[in-house]
Novice: 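Sharing a structure here in structure tokens format.
Worth knowing before you read on, the calculation uses all heavy atoms, side chains too, and leaves out hydrogens, waters and symmetry mates.
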Amino acid sequence: MSFPLLTAAAALPAVGAIATAAVPAGRRTAAKWLALLVSLGTLVLAGIITARFEPGGDRYQLTESHAWIADFGVRYELGVDGIAVALLALTAVLIPFIILAGWHDADPSPASGGETPVETKNYRWRPTQGFFALILAVEAMVILSFEATDVFLFYILFEAMLIPMYFLIGGFGDRAHAGSEENAAAQRSYAAVKFLLYNLVGGLIMLAAVIGLYVVAGNFSLTEIAAARASGDLEMSTNVERLLFLGFFFAFAVKAPLWPLHTWLPNAMGESTAPVAVLITAVVDKVGTFAMLRFCLGLFPEASKWATPVILVLALISIVYGALLAVGQRDIKRLVAYASISHFGFIVMGIFAMTSQGQSGATLYMVNHGISTAALMLVAGFLISRRGSRLIADYGGVQKVAPVLAGTFLIGGLATLSLPGLAPFVSEFLVLVGTFARYPVVGIIATFGIVLAALYTLVLYQRTMTGPVKEEVRTLPDLRPRELAVVAPLIALLIFLGFFPQPLTKIVNPAVEHTMSDVQQKDPQPEVEAAQ
């Protein structure tokens, strides 16, 4: 029996979470280093999985299958296609940077800059071990959700990851909050409860659809259900398929998040620490869009095509609405949150454009958005921790006192607006090309999101980094070595994948071809009039 790589990739952070939580109370630094080493070990395993994966091989590779709840046909089934490998690698890459960026976020009342924990009048213990253990627990569940090919197993992970995220949002919120500590705690609690309730409602609706799928198919295996559909052995009426599709899609749209189910995200990101905000939008939310490709299109192809016009309208609203709200934001972190809603609109649009370019672009967008948002949000977090404010109006002239911080902030912002030469440009271009090929009007309207992205990004940079130096920012230190170690590799990845996206496209494109085959769609051929 071959070594179970997929199980190991999820088990290592899970065991690491338990070990980190068990570190004695006075050994905060040991807990941090343990969590970082575990995340680096997970990254090594993800690299081995990526190297072992053969893009031209079977659809699902490195598979594992064991009996779990035999009476109900539930199995512990794992397997990865190219899309899952890309997102698993993204998760494994980002978690070490998230841990390193949040090195002091759970320390007792840090001094300005967050480097040295000190005792203050309002001294309050924050459990460092719990903070890093929760991050590792989320990583384990997200990785396993990308690997699961049993629908019930995926559902369990889809719901279980809400619990550690709830505590990360509500228990370890942003310290740069206007007003009293009591008000800050109330806002964190509100954001955490809203996050939990929205996603629980989506999960409950999905549970009904999962049960309905079992009644119809007799098992939860994604591969067996797909094979039965292809052979004609699975009978599913049109109305049943559509209802089941809606149950799955609703839960994934909440997680994604797609308009009008998006309102929990700005609260959650705004009240979280910057690393947790990155964990939400760059890692956890990708499970929703990934599941649309794997489960909605894979299990319910006809219903997916039936719902496509409405979903494209919702995606367009997300693109334009999210960008417009980002333009009007006064809070840096909420601006990034609304920008992410706009970007998720592009991802959903690419998935349901039903073209190979659109779906390849959507998958690349998931990866590239994760890297660019991590770069921008983490630099913003370093800036906020220095000034103690999230308000854009409280900054000005930062580039004159902290040029490296301002420069990395600019590159992260330019990646957000998909500047050519940076990774998100490739994915956004493919999404628009793929959408325009089948739905030209939708593609044209979506381009307004690009214009608005340039507006909110450049205005943010102008108001915070340029102009006269405000008195409150004159003494802001530039990026420290630890912070540079977080930001520099992300910037390098954005530039590398911007000029050479082939390592990703080589892995992703065969999986996209399988998805296109599931929905029985072919790319539309260009209409060229014969020369007279």
Side-chain angles (χ1 to χ4, degrees), residues 83-84 86-95 97-98 142 146 252-253 255-259 262 265-266 268-269 274-275 277-293 315 318-319 322-323 326 333 335-351 358-380 411-432 434-435 446 449-450 452-454 456-457 487 489-491 493-498 501 504-505 508:
I83 298 170
L87 293 175
L88 189 154
L90 169 70
T91 302
V93 165
L94 290 182
I95 295 298
F97 297 123
I98 289 172
V142 170
F146 290 142
F252 303 152
K255 184 85 78 179
L258 187 68
W259 184 93
H262 67 286
L265 182 65
M269 289 184 65
V278 171
L279 188 65
I280 294 169
T281 190
V283 177
V284 173
D285 286 355
K286 298 301 186 297
V287 176
T289 46
F290 163 80
M292 290 180 188
L293 278 166
S318 290
I319 292 169
K333 292 169 73 175
L335 185 151
V336 178
Y338 280 111
S340 292
I341 291 170
S342 180
H343 295 150
F344 275 104
F346 277 106
I347 294 171
V348 175
M349 185 179 74
I351 291 171
Q359 292 184 0
S360 294
T363 305
L364 293 182
Y365 215 131
M366 292 185 223
V367 176
N368 295 333
H369 170 263
I371 300 170
S372 62
T373 298
L376 180 61
M377 179 60 85
L378 293 179
V379 176
I411 295 174
L414 293 176
T416 299
L417 64 82
S418 299
L419 183 76
L422 297 175
F425 169 77
V426 179
S427 46
E428 194 166 275
F429 178 78
L430 285 173
V431 167
L432 289 172
T435 304
I450 302 175
L452 292 172
Y456 62 68
T457 300
V487 177
L490 296 175
I491 298 298
L493 273 174
L494 289 173
I495 296 172
F496 174 77
L497 293 176
L504 277 177
T505 57
V508 166

Novice: Would you say that Ile371 contacts Phe97 through its side chain, given a criterion of any heavy-atom pair below 4.5 Å between the two side chains?
Specialist: no

Novice: Output all residues satisfying ring pair (Phe, Tyr, Trp, His ring centres under 6.0 Å) with Tyr456, sequence neighbours left out; order by chain, then residue number.
Specialist: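 Expected list: none.
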
Novice: According to side-chain contact (heavy atoms from CB on, under 4.5 Å), who are the partners of Ile491, at least two apart in sequence or on a separate chain?
Specialist: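 Ile491 satisfies side-chain contact (heavy atoms from CB on, under 4.5 Å) with Ala375, Ile411, Val487, Leu494, Ile495 once adjacent residues are dropped.
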
Novice: According to side-chain contact (heavy atoms from CB on, under 4.5 Å), who are the partners of Leu419, at least two apart in sequence or on a separate chain?
Specialist: Leu414, Leu417, Leu422

Novice: Is it the case that the side chain of His343 and the backbone of Thr416 share a donor-acceptor pair, with hydrogens and angles ignored and the cut-off at 3.5 Å?
Specialist: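 Yes, the answer is positive, given that a donor and an acceptor are paired below the 3.5 Å cut-off.
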
Novice: Can you list the residues that meet the side-chain contact (heavy atoms from CB on, under 4.5 Å) rule with Ile95, with sequence neighbours excluded?
Specialist: Ser39, Thr91, Ile98, Ile99, Ile135, Glu139, Leu279

Novice: Which residues satisfy the side-chain contact (heavy atoms from CB on, under 4.5 Å) test with Thr281, sequence neighbours excluded?
Specialist: Met269, Asp285, Ser340, Phe344, His369, Thr373

Novice: For Leu432, is there any backbone N or O sitting under 3.5 Å from a side-chain donor or acceptor partner on Thr435?
Specialist: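 Here the side-chain-to-backbone pair does not exist.
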
Novice: Rounded to the nearest 0.5 Å, what's the gap from NZ on Lys255 to CG on Leu265? Could you check?
Specialist: 12.0 Å

Novice: Could you go through the side-chain contact (heavy atoms from CB on, under 4.5 Å) check for Thr505 and Val426 one step at a time?
Specialist: CA-CA 10 Å; Thr505 57; Val426 179; 5.7 Å; no

Novice: Between atom CZ of Phe429 and atom CD1 of Ile450, what is the distance when rounded to the nearest 0.5 Å?
Specialist: 10.0 Å

Novice: May I have the step-by-step check of side-chain contact (heavy atoms from CB on, under 4.5 Å) for Leu504 and Asn368, ending in yes or no?
Specialist: CA-CA 10 Å; Leu504 277 177; Asn368 295 333; 4.3 Å; yes

Novice: Under the rule for ring pair (Phe, Tyr, Trp, His ring centres under 6.0 Å), what residues qualify as partners of Tyr338, not counting sequence neighbours?
Specialist: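 None.
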
